[in-house]
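Note sheet for the following structure.
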Amino acid sequence: MRVLIVGGGAREHALAWRLSREDDVEVIGAPGNAGIASLGRVVAVDPTDAGQVVALAKEESADLVVVGPEAPLVAGVVDALRNEGIDAFGPDREAAQLEGSKIFSKEFMERHDIPTAGFSVFDDPDAATRYIEEANRPLVVKADGLAAGKGVIVASDAGEAVAGVDRIMRERAFGAAGDRVLIEECLVGQEVSYHVVSDGERFVALAPAQDHKRAFDGDRGPNTGGMGAYSPPPVVTADVEQKILDQVIEPTLRGMAEEGRPFRGALFVGLMIVDGEPMVLEYNTRFGDPECQTLVTRWKGSVLPLILGSAQGDFGGLAPSWEAPASLCVVLASGGYPGSYEKGKRIRGLEAAAAHPFVTVFHAGTALQGDDVVTSGGRVLSVTAIGETIDQAAERAYAAADEIEFEGKQLRRDIGWRARSR
Ligand code: AMP
Ligand code: GLY
């Protein structure tokens, strides 16, 4: 079976790595990266250009297309593939609105009684500013549309919130994604990433995970795409998990089906656990990155029936099981990320790191330059280890991460701190 993987991050490398271990699976990266190139072939395409993706899938006679990132989903790449009779993993454009429009997702939660922070919607910056000044309490300002993870401002005071509105609505830093803003109550608690895979009707719950979004140790510094993750986080007790399933996952999938946009693909719910109660921060209509790296390395047995069943809209009877009790992923980033950074730095030590048992090194922003692997993005590598405990997975991941060198290498030393004994 030929599987085309759309995207080029560590998440896509992790999916390609896992799928390439299945019997008779051949993977093709579109556009991929240096890591995916080592598993199969890569072809340069624009992942958000449905025409290019469909043409490539046909040219390669792909049996299945797995779409990794959100932008192609929101752009309707899955719809275009299905129109041509090609099986595609991921939601169609209508279902991807759960991530593509934050206002749609909040109003959806309101319609279906799904717990989330209180909110107001504004299409006028003056009205938004007045609201913030009158509220005079911590608020979160969000651009409605996709903004590559940068359209959310968690404001500590009214000044910061107003500056957020100015940036989104007046300076139009995210273009049309900022036509409307959402202003939310600020929640305080622990964040958790909860993933399920659905075929539009049924779902399979994956293990919970926890991301580390801030750039620096101690959860300080600017927000990033994610500097590391681990699974499972202790805050998700059996009781909390049951509430997530009953209060969030079930009503979300039922609501989407009832509204005529059944959700197929990976649904990743970002939650704040506030005093043991799950509250939805956001929906993502794809796997998290770096959460995906921690999930696929723990997974036991074949993942293909799950991915293919979801793509075709019909699961068999599937129950996931976990090979490793714990996993942890450390992201190696370019110096300066998430701000500006240099590219083209030669990466050394990849083989030595990969030789560590229980460790897999997934590539994100890497490229081949002759025989060398060089940096080509902000997040460069995802060093992921499995273990009997989070402590053991952390020790293994950091030992391997320390083998890898490139100029400006930046990493957090405290990934998994909530679950580690030191
Ligand atoms: P989002 O893309 O909506 O998940 O927002 C990005 C990040 O902003 C989240 O991962 C949280 O850390 C933070 N955030 C979003 N909404 C809230 C909220 N209502 N209260 C507190 N923090 C939030
Ligand atoms: N790690 C967070 C995300 O993928 O959105």
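Here the structure is a predicted model, which is why all the values come from computation and not from measurement. Heavy-atom basis, side chains included; hydrogens, waters and symmetry copies ignored. Counting starts at 1 for both ligands and their atoms, in listed order. In what follows, residues are counted from 1 in the order of the sequence shown.
- Residues D219 and R412 are paired through a salt bridge, judged by an N-O separation under 4.0 Å between the basic side chain and the carboxylate.
- For ligand 1, one of its N or O atoms has an N or O atom of E282 under 3.5 Å away.
- Proximity of G270 to ligand 1 is not established, as no heavy-atom distance is less than 4.0 Å.
- In terms of N/O distances under 3.5 Å, ligand 1 is not approached by V154.
- Only the side chain of F268 comes within 4.0 Å of ligand 2, judged by heavy-atom distances.
- For the side-chain contact (heavy atoms from CB on, under 4.5 Å) with P232, the qualifying choice from Q210, E241, R298 is R298, the only one to do so.
- Checked against a 3.5 angstrom limit, the closest N/O atoms of N284 and ligand 2 fall outside it.
- Regarding atom 17 (C) of ligand 1, its nearest protein heavy-atom neighbour is L281 CD2, 3.4 Å.
- Counting heavy atoms only, R286 comes closest to atom 3 (C) of ligand 2 of the residues R286, H212, K213.
- The nearest protein atom to atom 2 (C) of ligand 2, hydrogens excluded, is given as D211 OD2, 3.4 Å; this is a heavy-atom distance.
- In the model, S421 has a side-chain atom that pairs as donor or acceptor with a side-chain atom of D391 under 3.5 Å.
- Tested against F287, the residues V296, V197, V66 include a single side-chain contact (heavy atoms from CB on, under 4.5 Å) partner, V197.
- When non-hydrogen atoms are compared, ligand 2 lies under 4.0 Å from neither the backbone nor the side chain of R11.
- If you look at K142 next to ligand 1, the close heavy atoms, those under 4.0 Å, all belong to the side chain.
- Ligand 1 has no atom lying under 4.0 Å from any heavy atom of M279.
- Figure legend: R396 and F358 shown as a cation-pi pair, the cationic atom lying under 6.0 angstrom from the six-membered ring centre and within 45 degrees of its axis.
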